[in-house]
Amino acid sequence: MKLWVMLEGRDAEVEFHTEGERLVVEIEGRRLDADFRRLPDGEVYSLLVNGRSHEVRVSPGGAALDVTVRGATIPVEVRHPLEKVLQATRSLAGAGFDEVVAAPMPGMIVAIKVKAGDLVARGQAVAVIEAMKMQNELVARHGGIVSELLVREREAVRSGQALMRLKPVTA
Amino acid sequence: MKLWVMLEGRDAEVEFHTEGERLVVEIEGRRLDADFRRLPDGEVYSLLVNGRSHEVRVSPGGAALDVTVRGATIPVEVRHPLEKVLQATRSLAGAGFDEVVAAPMPGMIVAIKVKAGDLVARGQAVAVIEAMKMQNELVARHGGIVSELLVREREAVRSGQALMRLKPVTA
Amino acid sequence: MRSFRRVLIANRGEIAVRVIRTLRELDITSIAVFSEPDRTALHVLMADEAHAIGPGPSSESYLHQDRVIETAVRVKADAIHPGYGFFAENARFAGACAAAGIVFIGPGPETSRALGDKLAARDLARAAGVPMVPGSDGPVGSLDDARAAARAIGYPLMLKAAAGGGGKGMRLVSSESDLEAAWSLTRGEAESAFGDARVYIERAIARPRHVEAQILADASGRVAFLGERECSIQRRHQKLFEETPSPAFDEPLRARFAEAACRIAKRAGYLGAGTVEFILDPSGEFYFLEVNTRLQVEHPVTEMATGLDLVAEQIRIAEGAPLSFGDARVPARGCAMEARIVAEDPRAGFMPSVGRIERVRFPQGPGVRNDAGVYRGYEIPVYYDSLLAKLVVWAGDRDGARRRMLRALDEYVLEGVHHNVAFHRWLVSHPEFAAGRLSTRFVDEHFRPAALDPGRETSEIALFAAALHEREERLRITLPPANGAESRSTWRWPERRRSGPRTRR
Amino acid sequence: MRSFRRVLIANRGEIAVRVIRTLRELDITSIAVFSEPDRTALHVLMADEAHAIGPGPSSESYLHQDRVIETAVRVKADAIHPGYGFFAENARFAGACAAAGIVFIGPGPETSRALGDKLAARDLARAAGVPMVPGSDGPVGSLDDARAAARAIGYPLMLKAAAGGGGKGMRLVSSESDLEAAWSLTRGEAESAFGDARVYIERAIARPRHVEAQILADASGRVAFLGERECSIQRRHQKLFEETPSPAFDEPLRARFAEAACRIAKRAGYLGAGTVEFILDPSGEFYFLEVNTRLQVEHPVTEMATGLDLVAEQIRIAEGAPLSFGDARVPARGCAMEARIVAEDPRAGFMPSVGRIERVRFPQGPGVRNDAGVYRGYEIPVYYDSLLAKLVVWAGDRDGARRRMLRALDEYVLEGVHHNVAFHRWLVSHPEFAAGRLSTRFVDEHFRPAALDPGRETSEIALFAAALHEREERLRITLPPANGAESRSTWRWPERRRSGPRTRR
């Protein structure tokens, strides 16, 4: 079996062979022994790679799998190798998607710092959310023109709830 | 709601009333405030009785519920109070008394699966009762020969109403 | 001298659990109180008794004075332990306890009133002859006064709310051009957070260390010094990591420090456990900051080094008994460190995180104490602070403690929320930390979120794990289902394909 | 002097995890080995590396000498830590390590051979002038010799296998009429269990205490005494509960005891960590029993009292380094106790229990160390011993430690298998235990399974819980199903009614 795996800053093809009881993983010309065993304790696995022991959590997380290793959660996408070709084609077509600013946690919106029509820079603070007695600024990841405000100040929001929509500014 | 509860060396009738938000338990003339909340951590509950805090595990264990409190696992049987009377009668008669299959709750008999004269095995389903759109099979506890059917299909029954009588098969 | 039979804990989380443990060891009935979302919190499970006191927001429950006192009276509590935060340093609450005939485990209302006001505390320290950071003698009444005082004291300086605390109501001002904005922000914050707009000025010490003295004072006038703690590692003026002894201390400094702290406590007629906070400048001079009239979050490092149970000492003192060790000096052994395990994301500006604790496996083994307020399955409520647990280690010397802390952090399994275990790993692995060169600017100076980016090996392991997981899912769906009964696929590929690649926060 | 970079742990369970922790603190790569059923055991998860060594039965894996040594060579281990049990006191294994160029962390094969044989150890102690229980000078060759020796020594007496250990191969004989049967049984047991039928005779001491000396010896000939441990609480000659210091010791006794233990170690040319076991009679006289040439299960109580890491000391010694504390006396502080948490049912003759760990919540807080070898969801394999965890506490004095132990036991949540937490609660609550009046007969004399019967309050809570659970189930089925879609009942009444009331095991 062959898979195409992507994580931030990297993508690779991974191929599996079974040789008797052994499972061999091939990646970028290297061959590694792997043993992957689910623990009785959740969505968690013990992974031995050439004898190195790792405890990893794999849980579905939106568009990707969220893999937690040593406390770091890393989103990884796994696809069929064919998709690599398709994706390459799409990337050429360029961006042009709306940005949605969402609440990173449940809380209350204590301030909205922009209004519809404003031009927002990349990294600019657009709202303030209060949770766990702390106020936190939410920033625009890409920036753009505020096309729609979806909440008001003093409104309680759920984790992941969309707060506003930004339209990209075409260069 | 009233229940008959048995554990080794003891049996008691327990009655529940709700008074507003409070749940009151009556047992042997005493009235106690109870609050029973499932923990997010398994078949485990937090039980407050008049403010005393207990962590209890309740898991099905064969014929009884296995209740674990402070490391001790105690099997407890919970039954309808009517069964107490039946059991007492049976006890007096010694071995070889009739079994009465009774309705455990108010509802409608949707099926009677046996007819007079049938030989019924221990644990065999003899009738189906429907209450609030849910159907439940009623089984023979000891088994025997159906000596008398006391209700018909589509008949509404009260909680505790006798549905049929089984005669023990003499060895 | 009384003897408590029933003590109510007016708190929640790890500190309520901490107090319950000592009460149980002392054979005193522990009585928890809980807000609605805390019905299944750990302190409710662990206490002997637990009583509801209202809805989630603190002001309706843990900070609702009448409900707490009424509950204590109704359940016949002899005393109330306030933990830290909530009512711990509230003179009005301490007074209300006394009025209801219940012992407040902490200093009397007069003491907490006098020491809770930072300006009054400064007056007391001045009278006791203890060095203070140069600053305005009292509150600064207007912006013009502030300008004048600032010129006399010199920049950079700190604007501080007289009623402030917990890292709130203080602001660094680098130059006169920033003063006006800082002045109105700090006053506004002080007014809204503490209902007291009084603000004063202190000179800002460059690269200071935060050091504090743990003291215990009993009714017969004994004041004992139980060693210092260094708490320089902070973010947003809030402590993240503490240790004892301070790597900056030697015996002569410790002796002067102990003497100053005890002098203040004696002058205040202090009773109970308290902490005298100082800042230490790079030249080895220390300056009085404030007195915390309560148990500190970081008290376990002192317990590890001295072998004392500070909560038991608090209770003895409140019962009117002398300190358990009398007039003896309490020797400290080795080095202890505490890492506060907080639900926050150090990669995203330490933003708090909420969610459900999906899995835990806490570190164990020699020299490790982990005081958690959470358990597997627990949903963190949004109303309270984000401290999940305190990881405390002890070893014979500082480098041993540092290695042990790193080992215990490596063992820490806590899934479901963002937390700062990786931050602490970064911290104790940092050469400047290992060398003991700390200051309250440490995090600002040395920490960059990219430091927590997973390394190459970790990324590769994530890659393998995802691929192997996917392989298992595919093998599963290509195998015929058992009994042919289950026909629904568990394959989630199409769903995951719906949106574009998600980037990591 | 070498420095280890990679150490293989030839063990499993809590002791493998214990060793891994110290290796990590010392920056040494830890290499676990595992049998098939142990693929997801805790020591595999926690080690840096893990390698399969065979099927479940010990003889095919953890006790398969060739596989263990081959694996160590293949993975380039510098040294092997044997833990306790398995190869820990096996001279042949130690020799095989040396032959393969791998350091065995423990005494050399000659030492373990000399001290592993109980008769040879007695000869050594005799030569060192250390008191021993009066007994036969060597093995007893025949039943007639046994009769003669028994008459000289006096009844009651103990028949012991020269190669015995771990509570096996020993038998109490009360009078001459029992001697013949005991003789053939013990010889048979010794032959089959140890391949060595030699048996000797010792006088039986009435109500003895089991006390032992922890020693450390380095290559430069230093032998340090790290305090005694009292391990009198046993069942089937196996320890269940240990503490330090022994409540029977005073300073003069401790000095004599330390001196005797060190004399034996020096005479044996001992190297590493070891334990010299004695029995103490009610008059305060102690008699040499044997030397355990390994880390003991109960070593953590010594670590709590002294602050040392005994595994780290073992590694230093094996690397050729001197003791970390040199020639200094190691002061002990306070009192430490250990309760062995075992999967067994004390209500049913301490019968071992297997099963799945359904839920755990281990005790935490001040002075508590819990070294577990299991985690939630873990299935206990049938092949190995039944020790699940070691609960260790420390406090300033014995009564404080006893109360803390009781508190920690109260906190212990461990569900899914029978275990002995309630037994330990009974033990530390017992007035004779609290008074420190211990002997190896304590359990036989004082414990009855009925002591663990749930009390009235516990029974009533169980009754309420069952009724409330049933009520919830019924309310659930009498509510109309959402969307009317689900028609299958979740009601389990009829099923439960099928058989009569089940009696408790």
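Throughout, protein chains are lettered first and strands after them, A, B, ... in sequence-line order, and every chain is numbered starting at 1.
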Only pairs under 3.5 Å, no angle test: what donor-acceptor pairs are there between chain A and chain D?
{"unit_1": "D35(A)", "atom_1": "O", "unit_2": "R39(D)", "atom_2": "NH2", "d": "3.3"}
{"unit_1": "D35(A)", "atom_1": "OD2", "unit_2": "R39(D)", "atom_2": "NE", "d": "2.3"}
{"unit_1": "D35(A)", "atom_1": "OD2", "unit_2": "R39(D)", "atom_2": "NH2", "d": "3.2"}
{"unit_1": "S46(A)", "atom_1": "O", "unit_2": "R39(D)", "atom_2": "NH2", "d": "3.1"}
{"unit_1": "S46(A)", "atom_1": "OG", "unit_2": "R39(D)", "atom_2": "NH1", "d": "2.7"}
{"unit_1": "S46(A)", "atom_1": "OG", "unit_2": "R39(D)", "atom_2": "NH2", "d": "3.3"}
{"unit_1": "G51(A)", "atom_1": "O", "unit_2": "A50(D)", "atom_2": "N", "d": "2.8"}
{"unit_1": "S53(A)", "atom_1": "N", "unit_2": "D48(D)", "atom_2": "O", "d": "2.9"}
{"unit_1": "S53(A)", "atom_1": "OG", "unit_2": "V44(D)", "atom_2": "O", "d": "2.7"}

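Annotation for M351(D): atom CE does not count as buried by contact number, only 12 or fewer foreign heavy atoms lying within 6.0 Å. Counted within 6.0 Å of CZ on R158(A), heavy atoms from surrounding residues, nucleotides or ligands total 12 or fewer; the atom is thus considered open.
Between chain A and the residues A32(D), G377(D), A52(D), the largest count of heavy-atom pairs under 4.5 Å involves G377(D).
Considering only residues two or more places apart in sequence or on other chains, R152(A) meets the side chain to side chain donor-acceptor pair (under 3.5 Å) condition with none of them.
Taken from CD1 in I20(D) to CD1 in I28(D), the straight-line distance is 13.0 Å, to the nearest 0.5 Å.
Using modelled atom types, no side-chain atom of Q161(A) and backbone atom of A103(A) make a donor-acceptor pair closer than 3.5 Å. The backbone N or O of A140(A) sits nowhere less than 3.5 Å from a side-chain atom of Q124(A) that would complete a donor-acceptor pair.
Both the backbone and the side chain of A50(D) come within contact range of chain A, each with at least one heavy atom under 4.5 Å from a heavy atom of that chain.
With a 4.5 Å cut-off on side-chain heavy atoms, V157(A) and M108(A) do not count as touching.
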